[in-house]
Amino acid sequence: MEISGPRGTHDILPDESSLWYYIETNLRQMAELYGYSEVRLPIFEHTELFERGVGDSTDIVQKEMYTFEDRGKRSLTLRPEGTASCARAFIEHKVYNQAQPTKWYYIGPMFRYDRPQAGRYRQFHQFGVEAFGSQDPNVDAEVIAILVRIVEKLGIKNAELHLNTVGCPDCRPLYRERLLQYLTPFAGELCNDCQQRLNKNPLRVLDCKTTHCREVVKDHPTLHSYLCERCGQHFEQVKSMLSSYKVDFVLDSQLVRGLDYYTRTAFELLIPDLGAQAAVGGGGRYDGLIEECGGPPTPGIGFAMGLERLLLAARKQASQAWKISPVMEVFVAVADKEYDRDACLLLDRIRQAGIKADKDYLDRSLKAQMKYAGKNEARLVVVIGEDEIKNDCYILRDMKAKEQQDVPSSQIIDRIKSILVTS
Ligand code: HAM
């Protein structure tokens, strides 16, 4: 019986991987432009890291983690997100002793036991940035600008930035009380998840997606009138800087985010074209996380974006001709099997000159080799036949211009290069 991939995973075959490569290259360039360097962290961590970092009462920790016991009876978890691992590495390597801020980015697979559907997978990929060590609201604006500009650079239109503040441990408790007072009379009407959330984290009820819960919270008191002075000033500065950067945003008092570590700024970038899974990226400030994970008090802010969703949006809008480099620049064809060894040696010369090249390995006729080269979009074909061997030259066929010429063996590499440069 055939074995298929596990539910919620997907294969990225070569046809698609060139697009991934293109997007990842753009993401890396953008992160580096803003002063972020890449970290590569493990795919599994001690389960406790996420329980403490992401939060015990979150959906991620309660329902979505791939947790297992290893042979040494340790509880390990496939990372559901990247921020907690960055915080752990920042503390473990005492990076806080270096000049701050620390600006990191990462790209890699994440794992959540979610209900799979378009744009939602159990293994998916995130690109994320994290800036540790500064409370400056201009860092918030910088981080948000990266997210928005990536999407713009990929030619994706109609993205909507939603912005909110979730306050800090000074001002949030008072608001929590007030919100609880508002929600309690409706407790029986809330969905099962929200009934649980009501006591653990009533703010999460605000961003429940079920129609009835949305109706219930319609007239909720907003945190904005309960913010402490410092949180209020911080939020004003973030908004003002974003406006100066000409980054449009929608104030969204219901945006709470599903992870417990957030303080102050919270944001999400939505692409309505994506339907139910419209959030292409999200993030916020987490000034208590490093301390929660055992490090010295250190502020932080970051975001992560889902690459599958980014690709879906890019494809849907098809607003950009993706610049994907061809797999094959030159194909070496033989008129007869007896020149196969010459073809191998020429191929080796071409590849050593840094040009992508290939040949036939299935004993095809010359006609079939030309067809194969065409299918693989080879720009040039070099043909080796009896006359060519006798005269120490090759036929060089330009598949785009549909022209061919005889080229002496000693000049073949230069001639190939000059055609490729001008194409
Ligand atoms: P998050 O909102 O849980 O935040 O995930 C960020 C993005 O990952 C989402 O906006 C979405 O595009 C993508 N994503 C999440 N779950 C799935 C899934 N099951 N399938 C496909 N894509 C998915 C975080 O993970 C935070 N660590 C972000 C952050 C970084 N906050 C501060 N720094």
Side-chain angles (χ1 to χ4, degrees), residues 7-10 23 27 31 36 39 41 45 49-50 53-55 58-61 63-66 78-88 90 102-132 139-140 142-144 146-148 150-151 156 159-162 164 166 204 207 209 255-271 273-290 292-293 299-314:
R7 189 163 137 80
T9 66
H10 62 100
I23 289 196
L27 295 171
Y36 290 74
V39 281
L41 303 176
E45 297 272 1
L49 175 69
F50 302 114
V54 174
T58 59
D59 285 355
I60 293 182
V61 171
K63 309 189 218 167
E64 296 172 3
M65 294 207 303
Y66 277 93
L78 297 183
R79 61 181 186 192
E81 59 104 54
T83 313
S85 304
C86 286
R88 197 256 318 132
F90 178 82
T102 297
K103 293 165 112 185
W104 285 351
Y105 78 88
Y106 50 88
I107 300 185
M110 306 289 161
F111 307 84
R112 293 185 195 177
Y113 193 81
D114 235 335
R115 202 161 35 80
Q117 53 179 269
R120 191 155 80 191
Y121 306 93
R122 291 185 173 168
Q123 175 172 341
F124 59 98
H125 297 77
Q126 278 187 348
F127 161 77
V129 309
E130 312 291 350
F132 298 110
V139 178
D140 305 35
E142 177 184 281
V143 163
I144 295 171
I146 300 175
L147 174 62
V148 170
I150 283 171
V151 168
I156 298 169
E160 239 176 52
L161 175 67
H162 285 229
N164 193 19
V166 293
R204 287 282 288 133
D207 73 354
K209 305 289 180 272
L255 175 69
V256 178
R257 310 265 309 130
L259 303 94
D260 274 357
Y261 45 62
Y262 292 112
T263 52
R264 296 191 170 165
T265 314
F267 54 93
E268 248 167 36
L269 193 67
L270 307 179
I271 301 181
D273 284 17
L274 290 177
Q277 307 304 319
V280 74
R285 185 164 271 289
Y286 44 81
D287 290 345
L289 177 65
I290 298 288
E292 184 64 41
C293 295
I301 177 160
F303 74 77
M305 65 200 310
L307 300 193
E308 282 78 4
R309 292 186 194 174
L310 190 64
L311 257 88
L312 267 174

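On a predicted model such as this, the values are computed, not experimentally measured, just so you know. Every number for a ligand or one of its atoms is a count from 1 in the order of the listing. These values consider heavy atoms only, across backbone and side chains, with no hydrogens, waters or symmetry-generated copies.
Of the inter-residue distances, the one linking His162 atom NE2 with Arg257 atom CZ reads 13.0 Å to the nearest 0.5 angstrom.
Looking at Asn164, its side chain never comes within 3.5 Å of a backbone N or O of Ala266 through a donor-acceptor pair.
Counting only heavy atoms from C-beta outward, the side chains of Thr265 and Val143 never approach each other to under 4.5 Å. Counting only heavy atoms from C-beta outward, the side chains of Gln277 and Leu312 never approach each other to under 4.5 Å.
More than 12 heavy-atom neighbours from other residues, nucleotides or ligands sit within 6.0 angstrom of OH on Tyr66.
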Could you go through residues 103-112 and list every donor-acceptor pair under 3.5 Å that involves a side-chain atom there, pairing it with any protein atom two or more places apart or in another chain?
residue	atom	partner	partner atom	Å
Lys103	NZ	Tyr34	O	2.9
Lys103	NZ	Glu142	OE2	3.0
Tyr105	OH	Glu32	OE2	2.8
Tyr106	OH	Glu130	OE2	2.8
Arg112	NE	Pro80	O	2.8
Arg112	NH2	Pro80	O	3.1

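Enumerated by chain and number, the residues approaching ligand 1 to less than 4.0 Å through a heavy atom are Glu81, Thr83, Arg112, Asp114, Gly119, Arg120, Tyr121, Phe124, Gln126, Glu130, Arg257, Leu259, Tyr261, Tyr262, Ala279, Val280, Gly281, Gly282, Gly283, Gly284, Tyr286, Gly302, Phe303, Ala304, Gly306, Arg309.
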